[in-house]
Amino acid sequence: MFQKLEDVEKRYEELNEQISNPEVIAKQSEWQKLMKEHSGLIDVVAKYREYKKMRVRFGAS
């Protein structure tokens, strides 16, 4: 399960880079598709990052 969350977080970061790319922004249909995928991952990634922060905070490895 955690590997899948890591993969989702990695994809989220890839999308961040892509949607910031001027070449992608110029292709509105592609940019919109990527933005939709990105927005679908925001909540999951935020919760996963919160979980990871708490594990570090409380000393779990």
Side-chain angles (χ1 to χ4, degrees):
M1 175 175 89
F2 291 107
Q3 183 57 50
K4 190 165 190 154
L5 288 168
E6 285 290 330
D7 293 343
V8 168
E9 185 178 37
K10 182 179 176 184
R11 177 62 181 154
Y12 177 82
E13 290 301 325
E14 290 169 356
L15 289 167
N16 272 337
E17 289 180 32
Q18 290 176 342
I19 61 178
S20 301
N21 182 332
E23 292 176 13
V24 174
I25 293 170
K27 301 173 187 170
Q28 282 295 299
S29 63
E30 181 180 350
W31 183 80
Q32 287 174 341
K33 184 181 111 180
L34 294 172
M35 282 300 295
K36 186 174 181 177
E37 182 180 355
H38 181 268
S39 68
L41 300 178
I42 289 174
D43 291 338
V44 173
V45 171
K47 291 296 182 187
Y48 181 54
R49 287 178 175 173
E50 184 179 326
Y51 166 79
K52 289 194 309 183
K53 214 185 275 188
M54 295 304 284
R55 285 183 52 93
V56 169
R57 185 176 189 189
F58 292 106
S61 55

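Sequence positions, counted from 1, serve as the residue numbers for this chain.
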Show me, pair by pair, the donor-acceptor contacts under 3.5 angstrom made by side chains of residues 15-24, not counting sequence neighbours?
| residue | atom | partner | partner atom | Å |
| --- | --- | --- | --- | --- |
| Asn16 | OD1 | His38 | NE2 | 2.7 |
| Ser20 | OG | Asn16 | O | 2.9 |
| Asn21 | OD1 | Glu23 | N | 2.8 |

Linking I/L/V/M/F/W/Y whenever their side-chain heavy atoms sit closer than 4.5 Å, directly or via other members, would Val56 and Leu5 fall into one cluster?
->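 Each belongs to a different hydrophobic cluster.
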
Same cluster (ILVMFWY, side-chain, under 4.5 Å), Met1 and Tyr12 | yes

Which pairs pass salt bridge (charged side-chain N to carboxylate O under 4.0 Å, His left out) with one or both residues in residues 25-46, sequence neighbours excluded?
->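 As it turns out, the salt bridge (charged side-chain N to carboxylate O under 4.0 Å, His left out) pairs with a partner in residues 25-46, which skip direct neighbours, are Arg11-Glu37.
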
Sequence neighbours excluded, which residues qualify as side-chain contact (heavy atoms from CB on, under 4.5 Å) partners of Val8?
->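 If we apply the side-chain contact (heavy atoms from CB on, under 4.5 Å) test to Val8, skipping adjacent residues, the hits are Leu41, Val44, Val45.
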
With sequence neighbours left out, write down each residue that passes side-chain contact (heavy atoms from CB on, under 4.5 Å) with Gln3, or none if nothing qualifies.
-> Glu6, Asp7

Of all residues at least two apart in sequence or in a different chain, which pass the side-chain hydrogen bond (donor to acceptor under 3.5 Å, both in side chains) check with Lys52?
-> Glu9

